[in-house]
Amino acid sequence: PEMTAPAYDEELGLTLNTIKAYRYAEEYKLTSSEQLQYQYGWVAKGQKSIVGKASVGEFALDEKTLVGLPADSEYDGFDTAELSANDYVLGRGKTKEGAPTERWWVIAGGKYYYDAFEYSGNTDIPHITREMNKEIALEREGAKAYAYKVYTGNGGQEMTIAGVQQGINLVADDTLGPIVKTGVLSKEQVLSSNKGGIIGGAAVFLLIGAVLVVLGIRKPKAKGAVSA
């Protein structure tokens, strides 16, 4: 697929140099408050697919097909101007042991990707220590972090994309859904891997590399036609 417009996360105001991204969201919040022990950490807040625009040959791919592309690489190519304009900071994730991960997080309302934190409200601890730790927790609470995995298309890997032609668009069939397969597959292989049979009444297109193979039913020539 050739990108004609990059993916854009409207909620965050971030442009992603890819045609398919998968966004992870987290929030730093109170996770436990048993026996005056207050524990804070990152809590998952859902995922979301974000797509740009792309074409294969003369055909533009629809959103459902783009969503079907694999997102297998951690993204770090953020636009620094967009980050600054939205008052975001960029930080590496951390393992439970505190080691940095390969994942980069866009952080809103925070200075960095915080470690898990806890403080005690036990009165046996000096008041100034309790208040200082509580202030740290409240300062971090509510920070949000977002990370992306994206489709890169690196490695020149061949793919098979199948769908229904609608004008200049190639769209996913309502019954079979998006068909995006690794490797070069025949029509029979594609259909056998997607139970439900042939897409009724529609032309099926396989886009293999740069070659477009038309597999639909061709309209027969009218009998008795006279050439001018």
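As a basis for the values below, the full set of heavy atoms in this structure was taken, side chains included, without hydrogen atoms, waters or symmetry mates.
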Taking every non-hydrogen atom, the tightest pair across [X] and [Y]:
| X | Y | answer |
| --- | --- | --- |
| Thr15 | Pro6 | CG2-CG, 3.8 Å |
| Ser55 | Thr4 | OG-CG2, 3.9 Å |
| Tyr40 | Ala137 | CE1-CB, 3.5 Å |
| Ala143 | Gly109 | CB-O, 3.5 Å |
| Tyr38 | Ser33 | CD2-CB, 3.7 Å |
| Ser186 | Gln189 | N-OE1, 2.8 Å |

As a test of understanding, state which of Lys144, Lys45, Arg23 forms a salt bridge (charged side-chain N to carboxylate O under 4.0 Å, His left out) with Glu11.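 Exactly one candidate clears the test, Arg23.
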
At what distance, to the nearest 0.5 angstrom, does [atom1] of [X] lie from [atom2] of [Y]?
| X | Y | atom1 | atom2 | answer |
| --- | --- | --- | --- | --- |
| Asp76 | Arg92 | CG | CZ | 9.0 Å |
| Leu66 | Leu61 | CG | CG | 5.5 Å |
| Leu90 | Thr80 | CG | OG1 | 10.0 Å |
| Lys20 | Lys149 | NZ | NZ | 10.5 Å |

Once you measure the plane-to-plane angle for Trp42 and Tyr113, does it fall in the parallel (<30°), tilted (30-60°) or perpendicular (>60°) bin?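 Trp42 and Tyr113: parallel rings.
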
What I'd like to find out is whether the side chain of [X] reaches to under 4.5 Å of the side chain of [Y], using heavy atoms alone.
| X | Y | answer |
| --- | --- | --- |
| Ile161 | Pro1 | yes |
| Leu170 | Thr65 | no |
| Leu69 | Met159 | yes |

Can Val51 and Lys64 be said to form a side-chain contact (heavy atoms from CB on, under 4.5 Å), step by step? CA-CA 9 Å; Val51 299; Lys64 287 184 179 180; over 6 Å; no

Applying a strict under-4.5 Å side-chain criterion to I, L, V, M, F, W and Y, I'd like to know whether [X] and [Y] cluster together.
| X | Y | value |
| --- | --- | --- |
| Ile50 | Val67 | no |
| Ile107 | Phe78 | no |
| Trp105 | Val43 | no |
| Tyr28 | Trp104 | no |
| Leu16 | Ile19 | no |

Residue pairs meeting side-chain hydrogen bond (donor to acceptor under 3.5 Å, both in side chains), one or both in residues 117-127, sequence neighbours left out, come to Gln37-Ser120, Gln39-Glu118, His127-Arg130

For [X], does the [atom1] atom sit with more than 12 other heavy atoms under 6.0 Å from it, leaving out its own atoms?
| X | atom1 | result |
| --- | --- | --- |
| Glu74 | CD | yes |
| Lys94 | NZ | yes |
| Gln47 | CD | yes |
| Glu63 | CD | no |
| Glu2 | CD | no |

Hydrophobic cluster partners of Ile125 (side-chain heavy atoms under 4.5 Å):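 None; Ile125 is a cluster of one.
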
Under a 3.5 Å distance rule, please check whether [X] uses its side chain to pair with a backbone N or O of [Y] as donor and acceptor.
| X | Y | result |
| --- | --- | --- |
| Asp79 | Ala81 | yes |
| Thr101 | Thr95 | no |
| Asp173 | Val164 | no |
| Gln165 | Gly167 | yes |

Start with the C-alpha gap between Tyr24 and Tyr22, add the side-chain angles, then the distance that decides, and say whether ring pair (Phe, Tyr, Trp, His ring centres under 6.0 Å) holds. CA-CA 7 Å; Tyr24 300 85; Tyr22 193 67; 5.3 Å; yes

By side chain to side chain donor-acceptor pair (under 3.5 Å), which residues pair with Tyr88, not counting sequence neighbours?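 Partners of Tyr88 by the side chain to side chain donor-acceptor pair (under 3.5 Å) criterion come out as none, since no residue qualifies.
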
Ring centres of Tyr146 and Tyr148 under 6.0 Å apart? no

Might you work through the side-chain contact (heavy atoms from CB on, under 4.5 Å) test for Leu185 and Val190, ending with a clear yes or no? CA-CA 6 Å; Leu185 304 180; Val190 169; 3.8 Å; yes

Could you go through the side-chain contact (heavy atoms from CB on, under 4.5 Å) check for Leu14 and Val106 one step at a time? CA-CA 10 Å; Leu14 295 176; Val106 174; 4.1 Å; yes

If you apply the rule side-chain contact (heavy atoms from CB on, under 4.5 Å), what do you find for Glu141 with Leu30, and how did you get there? CA-CA 7 Å; Glu141 187 175 19; Leu30 180 68; 4.3 Å; yes

Can you see whether Tyr8 engages Glu82 through a side-chain donor-acceptor pair at a distance of less than 3.5 angstrom?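 Distance-only check fails for Tyr8 and Glu82.
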
